[in-house]
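Each residue takes its place number in the sequence, starting with 1. What you are looking at is a predicted structure, and each value in this text was computed from that prediction instead of being measured.
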Amino acid sequence: MKKQSYKFRIIALALALGSAVLLGGCSEGGAPEGTGNGTDSSSAPTAAESNTESHSTDDNFVSESTAVSETAAPKTEEDIKTPVEAPGNVPDSYREDGANGIKIIGRNGHYMGLMGCWGLQENCDRYSAALNKAADALSGVNVYNMIIPTSSEFYVPEDITGFTASQKEKIDRVSSSLSGITDIDVYSSLKAHTDEYIYTRTDHHWQPLGAYYAAKAFAETAGFTDTFAPLSDYKQVTKEGYMGSLYNYSKSANLGSDPEPFTMYISPNDESLKTTYYDTSFKNGYESDLFVSRDAGAYYCSFLGSDDRIAKIETDCGNGKVLVVFKESYGNGVIPFLTQSFETIYVCDVRYFDLNAVQFCKDVGATDLLFSVCTFTPAGGNVGKVEEVVG
């Protein structure tokens, strides 16, 4: 089918930005599950009013800069310029209680929003059981688990107590219960780079740099480092003026006055990629682009765009490997870093999938299956979505 025009894609993206999406997505809404409901501690903060997330910039909140900088792929890994912000004057001792249980702290001279992550250990057991069930039914398929900690795991100051629960405990609980599944230790990879710009300050998501380190951990564990492209091969694009979901949730004027840069990385084989988007029943396909906004103008939605569809990405690597990814919005960030390691990649959201995951993997000839989600999913209400898709 003929590619959609750039104008059409932007209109479609704008419509997606106005739709509520459960637990992580490119849409307007309130706080995600796991901030308070179904917690494992009686000291958990009050839950937000809604169980949806937001990933857009609102001109009513803060004036957005249109400054964009592009950096061609550096010659070596040592030439990479890690994204940094211009110095600010916010003291590290700054503390503010925002709406919906969001904390605002001072870090590196800027305001930073943090969302607590709670949930139930029992949900983690349900998540492990669902993944084990999928692995049992997919003989010969390499199955992987990637649980991504959110920023509160690493950046909550020691003087703030009772705000969030240990995500590592939940991640380790899942890992210890897996059978026939390879666990990807993203936690250690991210912890080693917490002094870099791997999480956003104004949004509950990570920056693509964090997703790169997670994808690298996947490559090292799964044994495809020979095809995994180093960051030096990517074109780096930075756009200023990003204001994400945590301002919407917290209503903090201070956070709203301090937008941040967003840096994305365009795959080295971008021009050779063919991306087809389908509805949640894997029908009505249309060809478009993996990078729906190459100037990062849609920020975290600049790659893959909306969550409520299935994406099929055909690459030029020609190794016969077919990867199926089940994710929520955190998993989106990993996809651009896998396009030189798999011939075909299917991206499916656990919240928007009307088929059976096991049968889908068989139908498309999957050689590899990756579950890539943040801690909210195994510990919170989205575990039910995982159980549903596995069947």
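- Side-chain contact between Tyr346 and Val322 is present, with heavy atoms from C-beta onward closer than 4.5 Å.
- A salt bridge links Arg173 to Asp125: one of the charged nitrogens lies within less than 4.0 Å of a carboxylate oxygen.
- Here Phe224 and Phe218 bring their ring centres to under 6.0 angstrom of each other.
- When the side chain to side chain contact (heavy atoms under 4.5 Å, CB included) test is applied to Glu153, the partners found at least two apart in sequence or on another chain are Pro149, Ser166, Gln167, Lys168, Tyr187.
- Every residue two or more places apart in sequence or in another chain was checked for a side chain to side chain contact (heavy atoms under 4.5 Å, CB included) with Asp92, and none qualifies.
- Taking the six-membered ring wherever Trp is involved, the centroid distance between the rings of Phe337 and Phe228 does not fall below 6.0 Å.
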Distance-only donor-acceptor pairs under 3.5 Å for side chains of residues 271-278, two or more places apart:
residue	atom	partner	partner atom	Å
Ser272	OG	Asp316	OD2	3.4
Thr275	OG1	Leu290	N	3.4
Tyr277	OH	Asp289	O	2.7

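- For Ser177, there are no side chain to side chain donor-acceptor pair (under 3.5 Å) partners at least two apart in sequence or on another chain.
- Using cut-offs of 30° and 60° on the angle between ring planes, the pair Tyr330 and Trp206 is tilted.
- The aromatic rings of Tyr199 and Phe154 sit tilted relative to each other, their planes meeting at an angle between 30° and 60°.
- In terms of the side chain to side chain donor-acceptor pair (under 3.5 Å) criterion, residue partners of Lys327 (sequence neighbours excluded) are, by chain and number, Asp307, Asn332, Asp349.
- Contact annotation: the side chain of Thr238 never approaches that of Phe262 to less than 4.5 Å [non-hydrogen atoms, C-beta and beyond].
- In terms of the side chain to side chain contact (heavy atoms under 4.5 Å, CB included) criterion, residue partners of Leu355 (sequence neighbours excluded) are, by chain and number, Phe282, Phe353, Phe360.
- For the side chain to side chain contact (heavy atoms under 4.5 Å, CB included) with Ser250, the qualifying choice from Ile104, Thr202, Leu114, Asn100 is Ile104, the only one to do so.
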Please determine whether side chain to side chain contact (heavy atoms under 4.5 Å, CB included) holds for the pair Met115 and Ile102, giving the CA-CA distance in whole Å, both sets of side-chain angles, and the decisive distance to 0.1 Å.
CA-CA 5 Å; Met115 175 182 288; Ile102 305 300; 3.9 Å; yes
